[in-house]
Amino acid sequence: MDERDIRTAKVQELRESGSEPYPPRLPTPRTHQIAAAIAEFDALAAEKTSVTLVGRIVLFRDMGKVIFLTVEDGSGRLQFYLRRDDIGEGFALARKLDLGDFISGTGYFFTTRTGEKTLHLTAYALLSKSLRGLPAKHEGLRDVELRHRKRYLDLIANRDEVMPVFIARARILAALRRFLDKHGYIEVETPILQPLYGGATAAPFTTHHNAADRDMYLRIAPELYLKRLLVGGLERVYELGRVFRNEGVDRSHNPEFTMLEYYEAYADYLSMMTFTETMIAAVAEQVTGGMVITYQGITLDLTPPWKRITLHDLIAQATGIDYDQYPDKESLLAAIRARGIAVDPARGRGRLIDQLKDYAFEARDPELLKPLFLYDYPLDLSPLAKQKPGTPGMVERFQAHLAGMQLVTAFSELNDPLDQRARFEDQARQRAAGDAEAQVLDEDYIEALEVGMPPAGGVGIGVDRLVMALTDQPNIREVILFPTMRELH
RNA sequence: GCGCGCGUAGCUCAGUGGUAGAGCACACGACUUUUAAUCGCGGGGUCGCGGGUUCGAAUCCCGCCGCGCGCACCA
């Protein structure tokens, strides 16, 4: 008989003796959360006030005629003390309690001779029987795969490290909503299940709608729907929700992740830059208590204004290449190769520029870890962004980088339906040439633009990465409760 | 997708060619202020999966699966 068999047998024995191991409610109402009771300990102990606390048994010390056990609830942990002389017949059953069981305990507070605040029980009750033991009390659960596959065990065993991260995550989401609401934005919900996917350059997850007998897609971004709402007359909208991209997993990517997108009519990318740094700094302050954070040992000051540099100047500083002097892919490629920088040449000019940006970040200049706005991007990488006047081939777009992670992308939204159609057609050519991630033409979206969309700025934030930055976590899987895992065989 | 590393008891880990181990957990016993309780005693393993080399494989080789790290890819 293994542990689980033994505990299952205990369930049976309890039922046969007329005791329900999974009762529907507490036999005695809970009077306090543990942390609240500890806060009032002196008064409660002085009056020997009867309190009822509940929780999971995390340590169990059976000394024959007395038992000490440590019980943990959502707020904290406390030692319970049971004496055979107090409990009577129930004491023998108490000795059969197991680590992991949920119990309630009624009694009064006292302090042991070693100074530990303790609840001296006059009665207890089993609330829920655990059939499987908890991870080792000292070593806990270190195996990263197990921690993520069985997050409930991770939360139990590594509570002090893991719980605060997800509490902070919840606070970050709430603070983002609060900030946007305060600034007149309304939160909307647009389709996750879409007949066409768009708004980003990524491969989708495909599914099938049986009733309509047609393929549908999980959204890769909410962008095109949010901008339809600008057409409809909503001036400030946002959506905070899950998006799905059929791509690999690494330290900063999970196939499903949380995106915040917000759009503001009559704004442009420059005003959205200011709004965004203000929002992120405010969220940091509300969640961490200040605008200066530490990420993986590096101090980062989020106080606005953040450094702003054009993509052109960043690349010029890092590589000495002034890409404005190389208006076509071939001449730029030659200049890159002349400096011995390795790039994938099977891409357009915009991709080359993008790779130069990556090269600049690879130098690991500590300055580039600080909050940074990079702006003015190549047009061919940004089919939904408005062209920058007087600068052919460039669009009004920015990205925010923090701690080396791309956190934000944003632009002045393209609202010229004729230009938009041409951009989609260009994407279609790239798709025909083998780029599976090129964006697909959305006729209905073009039609909406033809009705008329006000000039607007729009921003997308990778919320998981923001949570990583604000909780000092090195891996996106540490801020997603149930990260995507392969099937076990 | 490529490279490197890891996979041994429920958990944390040792074991690098010769009969599978430790601590915790678990079972049984002792103990009326313990606290990572202690003490005694005991059970528990397809060594990720499959194949190969060898008299003999957890250990060496090949393939597969899973995980991690790096690279590539990725608004």
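To find a chain, count down the sequence lines: A is the first, B the second, and so on, and within it residues start at 1.
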Undergrad: Give one of base, sugar-phosphate or nothing for A:Gly460, where a contact means two heavy atoms less than 4.0 Å apart.
TA: base
Undergrad: CD of A:Glu437 versus P of B:A72: gap in Å, rounded?
TA: 16 Å
Undergrad: Would you indicate what A:Leu146 reaches in the nucleic acid, counting non-hydrogen atoms under 4.0 angstrom: base, sugar-phosphate, or nothing?
TA: sugar-phosphate
Undergrad: When rounded to the nearest Å, what value does the distance between C1' atoms of B:C62 and B:A20 take?
TA: 25 Å
Undergrad: Please determine whether any donor N or O and acceptor N or O are separated by less than 3.5 Å between the side chain of A:Arg61 and the base of B:U34.
TA: yes
Undergrad: Is the NZ or CZ atom of A:Arg228 positioned over A:Tyr225's six-membered ring, under 6.0 angstrom from the centre and within 45° of the axis?
TA: yes
Undergrad: Among B:U34, B:C26, B:U32, which is the nearest nucleotide to the side chain of A:Thr118?
TA: B:U34
Undergrad: Less than 6.0 angstrom from the centroid, inside 45 degrees of the normal: does A:Arg84 satisfy that with respect to the ring of A:Phe91?
TA: no
Undergrad: First locate atom CG of A:Leu407, then atom CZ of A:Arg465, and finally report the distance between them rounded to the nearest 0.5 Å.
TA: 8.0 Å
Undergrad: Nearest whole Å is fine: how far is B:C65 C1' from A:Glu145 CD?
TA: 10 Å
Undergrad: Under 4.0 Å between a side-chain N/O of A:Asn475 and OP1 or OP2 of B:C69, yes or no?
TA: yes
Undergrad: Rounding to an integer number of angstrom, what distance separates B:A30 and B:A22 when you compare their P atoms?
TA: 25 Å
Undergrad: I want to verify a distance call: between B:A37, B:U12, B:U34, whose nearest atom is closest to the A:Leu59 side chain?
TA: B:A37
Undergrad: My understanding is that a pair needs two contacts under 3.5 Å, Watson-Crick or G-U wobble. By that rule, which nucleotide pairs with B:U19?
TA: none
Undergrad: Considering every strand shown, what is the Watson-Crick or G-U wobble mate of B:C71 when both distances are under 3.5 Å?
TA: B:G1
Undergrad: Can you tell me how far C1' of B:A30 sits from CZ of A:Arg84, to the nearest Å?
TA: 14 Å
Undergrad: Answer with yes or no after comparing the ring centroid distance for A:His120 and A:Phe109 against a 6.0 Å cut-off, counting only values under it.
TA: no
Undergrad: Side chain of A:Asp250, heavy atoms from C-beta onward: which of B:C73, B:U33, B:G23 has the nearest atom to it?
TA: B:C73
Undergrad: What's the CG-P distance between A:Asp62 and B:C26, to the nearest Å?
TA: 11 Å
Undergrad: Considering residues at least two apart in sequence or located in another chain, which fulfil the side-chain hydrogen bond (donor to acceptor under 3.5 Å, both in side chains) criterion with A:Glu3?
TA: A:Arg7
Undergrad: Do A:Leu59 and A:Arg61 come within less than 4.5 Å of each other through their side chains, counting heavy atoms only?
TA: yes
Undergrad: Looking at every strand, decide which applies to A:Arg477 at a 4.0 Å heavy-atom threshold: base, sugar-phosphate, or nothing.
TA: sugar-phosphate
Undergrad: When you compare B:A58 with B:C49, how far apart are their P atoms, in angstrom units rounded to a whole number?
TA: 11 Å
Undergrad: Got a sec, which residues hit side-chain hydrogen bond (donor to acceptor under 3.5 Å, both in side chains) with A:Gln406, two or more places apart in sequence or on another chain?
TA: none
Undergrad: Using atom CD of A:Glu478 as one end and atom P of B:C69 as the other, report the distance to the nearest whole Å.
TA: 9 Å
Undergrad: Say you pick atom P in B:C61 and the same atom in B:C6; how far apart are they, in whole Å?
TA: 11 Å
Undergrad: Looking at B:A37, I'd like to know if its phosphate oxygens (OP1 or OP2) sit under 4.0 Å from a side-chain N or O belonging to A:Lys137.
TA: yes
Undergrad: Starting at the 5' end of nucleotides 41-47 of chain B, put B wherever the base has a protein heavy atom under 4.0 Å, S where only the sugar-phosphate does, and a dash everywhere else.
TA: -------
Undergrad: Hey, which sits more toward the 5' end of RNA chain B by its nearest nucleotide, A:Ser252 or A:Ala136?
TA: A:Ala136
Undergrad: A:Glu223 near the nucleic acid: base, sugar-phosphate alone, or nothing, with a heavy-atom cut-off under 4.0 Å?
TA: nothing
Undergrad: Kindly state which residues belonging to residues 3-14 of chain A come within less than 4.0 angstrom of RNA chain B, counting heavy atoms of the residue only, listed by number.
TA: A:Glu3, A:Ile6, A:Lys10
Undergrad: For A:Tyr377 together with A:Phe411, are the ring centres under 6.0 Å from each other?
TA: no
Undergrad: Given the C1' atoms of B:G42 and B:U46, what is the spacing between them in whole Å?
TA: 24 Å
Undergrad: Any strand counts, and the cut-off is 3.5 Å on both contacts for Watson-Crick or G-U wobble. Which nucleotide pairs with B:A37?
TA: none
Undergrad: Atom CG of A:Leu369 and atom CD1 of A:Ile298: how far apart are they, to the nearest 0.5 Å?
TA: 4.5 Å
Undergrad: Any strand is fair game: report the nucleotide pairing with B:G66 by Watson-Crick or G-U wobble, both distances under 3.5 Å, or none.
TA: B:C6
Undergrad: Just the rounded figure in Å: distance from P of B:G68 to CD1 of A:Ile476.
TA: 13 Å
Undergrad: Is the shortest side-chain N/O distance from A:Arg486 to OP1 or OP2 of B:C65 below 4.0 Å?
TA: no
Undergrad: Can you tell me how far C1' in B:C47 sits from the matching atom in B:A57, rounded to whole Å?
TA: 11 Å
Undergrad: Classify A:Arg251 by what it touches in the nucleic acid, base, sugar-phosphate, or nothing, heavy-atom distance under 4.0 Å.
TA: sugar-phosphate
Undergrad: Take the angle between the ring planes of A:Phe275 and A:Tyr185 and call it parallel below 30°, perpendicular above 60°, tilted in between.
TA: tilted
Undergrad: Between A:Asp85 and A:Asp143, which is nearer to the 5' end of RNA chain B once each is assigned its nearest nucleotide?
TA: A:Asp143
Undergrad: Across the strands shown, which category fits A:Gln79 at heavy-atom distances under 4.0 angstrom: base, sugar-phosphate, nothing?
TA: base
Undergrad: How far apart are the closest heavy atoms of A:Leu146 and A:Leu141, and which atoms are they?
TA: CD1-CD1, 3.8 Å
Undergrad: Any Lys/Arg nitrogen of A:Arg56 or A:Asp101 sitting under 4.0 Å from an Asp/Glu carboxylate oxygen of the other?
TA: no
Undergrad: Reckon A:Gly140 touches a base, only the sugar-phosphate, or nothing at all at heavy-atom distances under 4.0 Å?
TA: sugar-phosphate
Undergrad: Please give the distance between the P atoms of B:G56 and B:C71 as a whole number of Å.
TA: 45 Å
Undergrad: Just the rounded figure in Å: distance from C1' of B:C28 to NZ of A:Lys96.
TA: 12 Å
Undergrad: So A:Phe411, base contact, sugar-phosphate only, or nothing? Heavy-atom distance under 4.0 Å.
TA: nothing
Undergrad: Categorize A:Leu99 for me: base, sugar-phosphate, or nothing, with a 4.0 angstrom heavy-atom threshold over every strand shown.
TA: sugar-phosphate
Undergrad: Counting side-chain heavy atoms from CB outward, which of B:C67, B:U34, B:A72 is closest to A:Arg149?
TA: B:C67
Undergrad: Looking at B:G56, which nucleotide sits across from it as a Watson-Crick or G-U wobble partner, both distances under 3.5 angstrom, or is there none?
TA: none
Undergrad: Give none if B:C26 has no partner; otherwise give the nucleotide forming a Watson-Crick or G-U wobble pair with it, both distances under 3.5 Å.
TA: B:G42
Undergrad: List in chain and number order the residues that pass side-chain hydrogen bond (donor to acceptor under 3.5 Å, both in side chains) with A:Asp419, two or more places apart in sequence or in another chain; answer none if no residue qualifies.
TA: A:Gln387, A:Arg423
Undergrad: Distance between the C1' atoms of B:G23 and B:U19, in whole angstroms?
TA: 23 Å
Undergrad: Tell me every residue that passes side-chain contact (heavy atoms from CB on, under 4.5 Å) with A:Arg151, counting only those two or more places apart in sequence or in another chain.
TA: A:Arg147, A:His148, A:Asp154, A:Leu155, A:Val162, A:Phe166, A:Glu478, A:Leu481, A:Phe482, A:Pro483
Undergrad: Rounded off to whole Å, could you give me the CD-to-P distance for the A:Glu247 and B:A72 pair?
TA: 15 Å
